[in-house]
Chemist: 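Quick one: this structure, given as structure tokens, is what I'll be asking you about.
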Amino acid sequence: MSSYPEIADKVMGLDEAVKRFIRDGSQIAIGGFTVTRNPMAIIYEIIRQRIKDIHLVCHSHGQGLDVLIGAGCVKRLEIAYGGNGRYAPTCIRFKKAVQRSEIEFEDYSNYQMSLRFLAGSLSIPFIPTKSGLGSDLLNYEGFPKEIRGRGKVASKKFSLLQNPFNGEDDKVVLLPALNPDVALVHAQYVGEDGTVRMKGLTFADIEQAKAADIVIVTCEEIVPRSFIRLDPDQNSLPPFFVDAIVRVPYGAHPTACYTFYDYDPKHLNLYKKVAGDDSLFRQYLDEWVYGVSSHEEYIEKIGAAQLMKIKANPVLGYAVGLDRK
Amino acid sequence: MSSYPEIADKVMGLDEAVKRFIRDGSQIAIGGFTVTRNPMAIIYEIIRQRIKDIHLVCHSHGQGLDVLIGAGCVKRLEIAYGGNGRYAPTCIRFKKAVQRSEIEFEDYSNYQMSLRFLAGSLSIPFIPTKSGLGSDLLNYEGFPKEIRGRGKVASKKFSLLQNPFNGEDDKVVLLPALNPDVALVHAQYVGEDGTVRMKGLTFADIEQAKAADIVIVTCEEIVPRSFIRLDPDQNSLPPFFVDAIVRVPYGAHPTACYTFYDYDPKHLNLYKKVAGDDSLFRQYLDEWVYGVSSHEEYIEKIGAAQLMKIKANPVLGYAVGLDRK
Amino acid sequence: MADYTDNEMMAIGAGRFIKDGDIVFAGTGVSMLAATAAKRIYAPKAVIFFETGGIDPVLDEIPMAVADLRVMSGTALNSGLIEAFSIVGHRKLHTIAFLGAAQVDRFGNLNTTVIGDYWKPKTRFSGSGGACDVASFASGVITFMQHEKRRFVEKLDYLTSVGWYKGGESRRHLGLQRGGALAVVTNLCVMRFDENTKEMYLAEYYPGFTVDKIVENTGFPIDVSRAREAEPPSAEELRILREEVDPQRLIL
Amino acid sequence: MADYTDNEMMAIGAGRFIKDGDIVFAGTGVSMLAATAAKRIYAPKAVIFFETGGIDPVLDEIPMAVADLRVMSGTALNSGLIEAFSIVGHRKLHTIAFLGAAQVDRFGNLNTTVIGDYWKPKTRFSGSGGACDVASFASGVITFMQHEKRRFVEKLDYLTSVGWYKGGESRRHLGLQRGGALAVVTNLCVMRFDENTKEMYLAEYYPGFTVDKIVENTGFPIDVSRAREAEPPSAEELRILREEVDPQRLIL
């Protein structure tokens, strides 16, 4: 069936990837950062399949986080930042969900969350930092006591330790490693051998993927083995970390994908308008998520004219002169 | 003087780099691994300037380590491995120095040393691992008690901790961070803006450079800013970590430099022959290090015919069909 | 009243703090303007970088988020979050961070998390992001604020990012080895911190604003004895800001 | 005597342990032959990688060190040491490591550091390198040894790399969650470890060698009750080894 024999057992559609690897209650890490390289296509598919009770682990996320929460898929959230740049200084559905006590949440900082993914990727149980000393991040626990130490919830938010290598009073914060059930990552390229190449900033995507039990990579394009192996210094993940590969051009829309397309100001402004109103937001989901049967159909709704506007200059990486207001 | 105005204050000769940044007793990390990308040219210059009492911190090193020890520059060594592939399963001068109690040494493993550099690069005081549990690495301290906690010597070789996030009896080894005085790295390219690009495997070079107070980069070539900035995903170190840049073609000889040249079997076999004999080794140093006034002169001694033999295929990265016996 | 906006005065006021060789950590909004203006006007050898990992981008167009593709274009290096935060705290670098906040207290501690009760908040904000981290590690932090009484408070609803903590030596006693709040730049003035007590004081008020107005809009007592009028932005500063930094007027 | 060398038999004997999907950690020398042979003969979907960070190289020429440029050519990824060691221990991968050693004990613990006193050694070796790490983390370790009494010892002069530690459940009690010694492949035979006691036993002796000779050359008592003669390398196995794996005869 697949045109890529070497990875035939890994290449699949969005629907199969979600069916096979994502369960109600899964702990999920999503790649990207605020308005860039969110794995939107598979997030929409998760919503369409009405996955529930997700435990989302994020550093700074925007569109993907917000639409998942808005659609009611998220029960539990570990987060450093929910925002979408100028389009939503605080993510709108995230804000509502916290204010209405609709989700359990635990606050960390970006570095703390990134270090927790790093620790998970290195198979070490925790990692020290000085970030957070004196902050209320260490005074308030978001999660209720009764869920501590269950499933993928850490037994403690953090632990303080006296640095054993320093005679002085020198405290460090130990952060528990994260090992999500699933990491969702959108990449520019996957080779026919399963090697992943991301271009531009990689955020904590690589640490998230290595920390996870299952890695689903959506990509703009599947490229020949000969190409991806010609300069392996540029590659991001070896094939054996990848469990599912889904080719989805524009799979990060309306967030950006370096060298392919910019974020879509028109769609993000539309989202901003609807997200503040429960009824409008339901209509938005009906129209843009539940109401489309595939990502191709979604892209068709965006329309060729808009795709041309956000098309990135492949050398500079972004859409030069794009009207971003 | 320099033809690179943007980095004029950083570009200098080997002699100046050593004079300005390396002292008797400095703690030094060297880049590369066994037979590859050792910063040999600057190591030879260190020997020529008769720097003493170096505290060398290594993971797996070969030629650079061995010649520095053989020349009597090293007082103290933290090491995982001293070997040179098939040319010296155990580095010969290193072996002699330990057997004759001529140096202080402390054994770690490769991962332990790499993690210690990583911790140093992240400005965290220590890092946990499970590697070493049950091993004599945790039973024997190499360094004498009286130097512990002085200068750059860690107060303890390691510390054991009960994992505070796990109820079970779950011990982890805490390793102290390394922050060397100086890191010496040989790279293929430095941009005219000071950006460093290494090709092929990077070993722990990047962590070592970020962990160090001073970074000296020797390179095969200084390349235009427009080249190094065209695809910054490929770069290894930003300019602000680099304190000195020395252009030294063949600066890693007789070790290899991916896409430029292979290791030099003829020279490594010569070294193997002389290293086992004190008198022959002194003659080797006289001829190849003290007796040459510059790396250009050293390369002239190697000769064009040999350089042609070890020349790498720039696409495959190594010298195809090289007689490596 | 002079012919420049609040954002322009703030960007220039903050940008003037930057010196050649500084490594400047920029967030979104005004901080993006201030960092870019600083590099183009006062400190051409400063390096602008972002928590997302983009180091020294060209910035031909102004980014609207720290993950904007424009922070990845023409950089020295595109790396990741861990690398970026380890740069902020690197002991060999002098790093200055620009942050924004919902609340600030007299010691320059910041809240970007929540107004009201933490679990049942009146208003939830984005959260720390990298703010707590850079506040912990940078050599100095400059914070942008709208100058309102409800934002300059006696007690933060949530302390997201540590400034001078409880004043005096308390920051160092926490175990944070350097850094602290350098300035708070508002739409009315520039506040700085006393060298010993680490309490906020009025350093410069912008032309057209009175010291009284600033005191009125600050929710805790401030020392105004060292206040002087700020230099207004020069024509050249404004030209660069308008024509080179943000010609599309996305933030200005 | 059959027409193959010790190294050939050892490479084939060890290579037969590798299964499709295994992630194979290879060192220098015979282990390089065994890994390459395994992939070309028994397990085409195995992935060979090196502690230096080279993952799945083409290996048109055999590397003579783990930092040889040939481990960087045509790989899936060129990374670093930290990445490589985190792969060895990754819970979703089945990783098999090939190691060499100067001494081994009955529980498969290894010494690659020193003979004699640690501080005043008779012979100093290269040290752990990555051996201690992969012995701690890999799903299984296969060790290559020259079969001599002074190398198969009751007590190691230095325990560099943990096998089954003190036998039984002792490895797990150390806190090492998986792995252990899978086999010791020598120039005479293949040794394996009892499922319960974790003691070394003779599993297969090569054609032409007697059980007695092996017992004689082993410095501790071994169970030989499960010994059987090994399958000699086939003509095809030898052809691949000689013509494809190491045509330059650098290691063979």
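All chains are named by letter (A, B, ...) in the order of the sequence lines, taking the proteins before the strands, and each is independently numbered beginning at 1.
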Chemist: Taking every non-hydrogen pair under 4.5 Å, which of K96(A), Q99(A), K95(A) racks up the most with chain C?
Modeler: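 Heavy-atom pair counts peak at Q99(A).
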Chemist: Check D170(A) with K130(A), please: is the shortest side-chain N to carboxylate O separation under 4.0 Å?
Modeler: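 Salt bridge present between K130(A) and D170(A).
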Chemist: At a 4.5 Å cut-off on heavy atoms, which part of S86(C) comes close to chain A: side chain, backbone, both, or neither?
Modeler: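 Both parts, backbone and side chain.
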Chemist: Between C91(A), G83(A), G200(A), which residue shows the highest count of heavy-atom pairs closer than 4.5 Å to chain C?
Modeler: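 Looking at each option in turn, the highest pair count goes to G200(A).
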Chemist: Using a cut-off of under 4.5 Å on heavy-atom pairs, state which of L322(A), T36(A), N139(A), D107(A) scores highest against chain C.
Modeler: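 Max contact count across the listed options: D107(A).
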Chemist: Test D105(C) against K166(C) for salt bridge (charged side-chain N to carboxylate O under 4.0 Å, His left out), laying out the working first.
Modeler: CA-CA 10 Å; D105(C) 71 14; K166(C) 296 174 179 174; over 6 Å; no
Chemist: Need one label for T123(C): side chain, backbone, both or neither, based on atoms under 4.5 Å from any heavy atom in chain A.
Modeler: both
Chemist: With a 6.0 Å cut-off on the ring centroids, do F49(C) and F25(C) count as close?
Modeler: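 Yes, the ring centres sit under 6.0 Å apart.
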Chemist: Would you mind checking which part of K122(C) comes under 4.5 Å of any heavy atom in chain A, side chain (CB onward), backbone (N, CA, C, O), both or neither?
Modeler: backbone
Chemist: With only heavy atoms counted, which part of S79(C) is less than 4.5 Å from chain A, the side chain, the backbone, both or neither?
Modeler: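 Contact with chain A involves the backbone of S79(C) alone.
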Chemist: Please state whether the side chain, the backbone, both or neither of S136(C) comes within less than 4.5 Å of a heavy atom of chain A.
Modeler: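 The side chain, not the backbone.
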Chemist: What part of T129(A) gets closer than 4.5 Å to chain C, counting heavy atoms only: side chain, backbone, both or neither?
Modeler: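 Only the side chain of T129(A) comes within 4.5 Å of chain C.
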Chemist: Does the distance from a Lys or Arg side-chain N to an Asp or Glu carboxylate O, for R106(C) and D194(C), drop under 4.0 Å?
Modeler: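 Between D194(C) and R106(C) there is no salt bridge, as every charged N stays at least 4.0 Å from the carboxylate O atoms.
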Chemist: Heavy-atom pairs under 4.5 Å with chain A: which of K120(C), Q248(C), Q177(C), E83(C) has the most?
Modeler: Q248(C)
Chemist: Would you call the rings of F117(A) and H59(A) parallel, tilted or perpendicular, where under 30° means parallel and over 60° means perpendicular?
Modeler: perpendicular
Chemist: What part of Y158(C) gets closer than 4.5 Å to chain A, counting heavy atoms only: side chain, backbone, both or neither?
Modeler: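 Both the backbone and the side chain of Y158(C) come within 4.5 Å of chain A.
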Chemist: How would you list all residue pairs meeting side chain to side chain donor-acceptor pair (under 3.5 Å) that involve residues 80-90 of chain A, not counting sequence neighbours?
Modeler: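 Checked against side chain to side chain donor-acceptor pair (under 3.5 Å) - neighbours excluded - the pairs reaching residues 80-90 of chain A are Q63(A)-N84(A).
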Chemist: Quick check on the interface: out of F94(A), F105(A), Y140(A), who has the most heavy-atom pairs with chain C under 4.5 Å?
Modeler: Y140(A)
Chemist: For F125(C), which atoms come within 4.5 Å of any heavy atom of chain A: side chain, backbone, both, or neither?
Modeler: both
Chemist: Does any heavy atom of chain C fall under 4.5 Å from the side chain of Y261(A), the backbone, both, or neither of them?
Modeler: backbone
Chemist: Report yes or no: is the cationic atom of K157(A) (NZ for Lys, CZ for Arg) closer than 6.0 Å to the six-membered ring centre of Y108(A), at no more than 45° off its axis?
Modeler: yes
Chemist: So which residue, V320(A), L133(A), T34(A), L201(A), ends up with the most heavy-atom pairs under 4.5 Å with chain C?
Modeler: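 Of V320(A), L133(A), T34(A), L201(A), L201(A) has the most heavy-atom pairs under 4.5 Å with chain C.
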Chemist: Taking the six-membered ring for Trp, are F144(C) and F98(C) parallel (under 30°), tilted (30 to 60°) or perpendicular (over 60°)?
Modeler: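 Geometry flag for F98(C) against F144(C): tilted rings.
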Chemist: Only pairs of heavy atoms separated by less than 4.5 Å count here; which of P89(A), G82(A), A256(A) has the most with chain C?
Modeler: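 Between P89(A), G82(A), A256(A), the count favours G82(A).
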Chemist: Taking D205(A) first and then R37(A), would you say they form a salt bridge - that is, a charged N and a carboxylate O separated by under 4.0 Å?
Modeler: yes
Chemist: So, R148(A) and E106(A), do they make that salt bridge, N to O below 4.0 Å?
Modeler: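 Judged by the 4.0 Å cut-off on N to carboxylate O distance, R148(A) and E106(A) do form a salt bridge.
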Chemist: Below 4.5 Å from any heavy atom of chain A, which atoms of D68(C) appear? Answer side chain, backbone, both or neither.
Modeler: both
